[in-house]
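For clarity, every value in this text was computed on a predicted model and none was experimentally measured. Nothing fancy with the numbering, it's 1 onward along the sequence. Ligands are counted one by one from 1 in listed order, and the atoms in each one are counted from 1 as well.
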Amino acid sequence: MRRHVCLVYGTRPEAIKLAPVHAQLRTRCESFRTSVVVTAQHRELLDQMLSVFDIHPDVDLDIMQHKQSLAQVTCRALEALQETLHHLRPDIVLVQGDTTTVFAGALAAFYEKIAVGHVEAGLRSGKKFSPYPEEINRKMTGALADLHFAPTARAKEKLLAESINPEGIFVTGNTVIDALQMMAQSGRPVPEPTRKLLEGIGERLLLVTVHRRENQGVGFTQICSALERIVAEFPDVTLVWPLHPSPTVTETARQLLGNRERIVLTDPLDYFEFVPLMSRADLIITDSGGIQEEAAALSIPVLVTRDTTERPEGVDAGVARLVGVDADTIVENATELLGSASAYERMRRSACPYGDGHSAERICDALEYHFGFRDDRPADFEWQPAGEVG
Ligand code: UDP
């Protein structure tokens with residue numbers, strides 16, 4: 001008998017990272033029937049991605065409201081999701097990552113006694129408020145999940161340290177690498193907005209995205225001041241920042257960096273538009289989790305404007321550096337990389353600890369194993385740091 005897998009998501013990174021899982025599930029229609037329920041926690045960003053991946057949700061809860069508080073998102077999502085799952089009665093709910101939708105989806109499934117699979121499980125900064133509220137969303141989802149798809153061996157260790165049953169943990173790699181490869185293999189030409197952007201930039205491209213809640217306020221002002229100084233110091237560098245639609249982000253960035261030479265502030269780009277831009281970047285400054293992982297796959301050095309990370313693999317592999325939000329530290333690190341070819345090359349090594357493009361397959365193999373469609377437990381994703389390959 002086919003099993004019903006229900007994907008629940010609500011934001012841009014979840015849509016991107018679940019798209020390869022959805023595509024893979026569709027190729028296994030003898031084992032699975034798939035449905036998609038979206039909360040639309042971030043309406044505009046989600047819609048961009050649904051359109052890119054040509055996904056038409058079975059249920060769209062459309063919960064987003066202007067200036068929504070975390071409690072409001074949680075309550076609206078939880079109530080609507082429990083009712084939806086009560087009627088759909090899937091065999092398992094899959095959630096991805098660390099947003100409020102993820103936690104509410106897992107909790108609603110638990111209330112309905114439906115199994116939960118957590119994609120990108122086990123990432124931990126160990127700091128309650130960093131990232132906020134995502135660290136705790138992810139932990140609480142871990143407590144509710146039956147299957148944990150840990151992207152790396154380190155994430156598995158974190159889950160084991162929390163006494164999660166090892167039987168339910170599968171190391172799969174991160175599906176964002178699959179998504180990136182889907183874009184590369186799509187054969188689509190570079191979209192017009194990106195082509196225009198790329199035409200307008202000079203020798204080197206500095207790509208920036210900053211949006212985390214904990215960076216807003218003083219941190220944000222410091223980051224903007226650092227960016228202005230970096231662009232002033234390197235006349236061959238153009239900075240491009242596709243702004244997150246959060247009013248705080250947009251207003252502050254436009255106020256502090258708008259109408260400056262070689263600084264381009266754009267609306268958010270869809271994934272087809274964003275990936276070619278990111279691939280062309282010489283340096284990335286970001287607080288985004290997904291972009292850290294993608295940059296590692298593309299061998300682009302990343303400065304992460306945070307003090308802690310739940311993704312230490314990139315830092316250990318040497319492709320990412322944690323630089324916090326202090327303006328001088330950000331400028332110092334960017335200056336070193338943009339000013340010294342050897343420092344830059346050392347960091348640009350080809351090392352992607354996050355995945356190999358087969359994560360969605362491993363997740364679906366694990367689901368087949370869980371539901372008894374196959375006897376052999378799928379092998380874990382293993383990453384060998386460069387130089388240690390036998
Ligand atoms: N992204 C995109 N367009 C943009 C900015 C980012 O498609 O204008 C993609 C990016 O490639 C990555 C994901 O969105 O896959 C990251 O989303 P976000 O930074 O919102 O979330 P986080 O990764 O921090 O959870």
Tell me, do Leu94 and Val8 make a side-chain contact under 4.5 Å, heavy atoms counted?
no

Before signing off on this row, confirm whether Lys17 and ligand 1 have an N or O atom pair separated by under 3.5 Å.
no

Which residue and atom name correspond to the protein heavy atom nearest atom 13 (C) of ligand 1, and how close is it?
Ile16 CD1, 3.8 Å

Mind checking whether Gln48 has a heavy atom under 4.0 Å from ligand 1?
no

Check for me whether Glu293 has a heavy atom closer than 4.0 Å to any atom of ligand 1.
no

Give me the ring orientation class for His244 and His42: parallel if the planes are under 30° apart, tilted from 30 to 60°, perpendicular past 60°.
perpendicular

So, Glu313 and Thr152: side-chain donor and acceptor under 3.5 Å apart, yes or no?
yes

To the nearest 0.1 Å, how far is atom 23 (O) of ligand 1 from its closest protein heavy atom, and which atom is that?
Gly290 N, 2.7 Å

In sequence, state the C-alpha distance, the side-chain angles, and the governing distance for Asp98 and Asn137, and then conclude on side-chain hydrogen bond (donor to acceptor under 3.5 Å, both in side chains).
CA-CA 5 Å; Asp98 57 12; Asn137 282 341; over 6 Å; no

His56 and Asp54: CA distance, side-chain angles, deciding distance, side-chain hydrogen bond (donor to acceptor under 3.5 Å, both in side chains) verdict
CA-CA 7 Å; His56 305 272; Asp54 195 24; 3.0 Å; yes

Honestly, is Arg377 close enough over Phe170, meaning NZ or CZ under 6.0 Å from the six-membered ring centre and within 45° of the axis?
yes

Suppose I only count heavy atoms of Glu294 and a 4.0 Å limit; which atoms of ligand 1 are within that range?
10 (C), 11 (O), 12 (C), 15 (O)

Which of the atoms of ligand 1 are close to Pro242, meaning less than 4.0 Å from one of its heavy atoms?
8 (O)

Taking atom types as modelled, find out whether Gln24 and Arg28 have a side-chain donor-acceptor pair closer than 3.5 angstrom.
yes

Starting from atom 25 (O) of ligand 1, which protein heavy atom do you reach first, and at what distance in Å?
Pro13 CG, 3.5 Å

Any chance you could lay out the side-chain hydrogen bond (donor to acceptor under 3.5 Å, both in side chains) test for Glu14 and Thr11, step after step, and finish with the verdict?
CA-CA 6 Å; Glu14 294 159 71; Thr11 67; 2.4 Å; yes

For Glu382, is the CD atom crowded, meaning more than 12 foreign heavy atoms sit under 6.0 Å from it?
no

Checking a contact table here: which protein heavy atom is nearest atom 1 (N) of ligand 1, and how many Å away?
Phe274 CD2, 3.6 Å

Starting from atom 16 (C) of ligand 1, locate the nearest protein heavy atom and write down its residue, its atom name and how far away it is, to 0.1 Å.
Ser288 OG, 3.6 Å

Protein heavy atom at shortest distance from atom 7 (O) of ligand 1:
Met49 CE, 3.3 Å

Are Arg362 and Phe381 in a cation-pi setup, meaning NZ or CZ lies under 6.0 angstrom from the ring centre and within 45 degrees of the ring axis?
no

Identify, by atom number and element, the atoms of ligand 1 in contact range of Gly289, meaning under 4.0 Å from any of its heavy atoms.
22 (P), 23 (O), 24 (O)

Take Glu112 and Gln82 through the test side-chain hydrogen bond (donor to acceptor under 3.5 Å, both in side chains) and record every step on the way to the result.
CA-CA 7 Å; Glu112 287 299 317; Gln82 183 176 4; 2.9 Å; yes

Quick one: look at Glu273 and ligand 1, take heavy-atom pairs under 4.0 Å, and tell me if it's side chain, backbone, both or neither.
neither

Counting heavy atoms only, which of Leu269, Thr266, Thr99 is nearest atom 8 (O) of ligand 1?
Leu269

Quick check: Arg212 and ligand 1, any N/O pair under 3.5 Å apart?
yes

A student comparing Gln292, Glu14, Met278, Arg12 should find that the heavy atom closest to atom 4 (C) of ligand 1 comes from Arg12

Under 4.0 Å from a heavy atom of Pro268: give me the atoms of ligand 1 that qualify, with their elements.
8 (O)

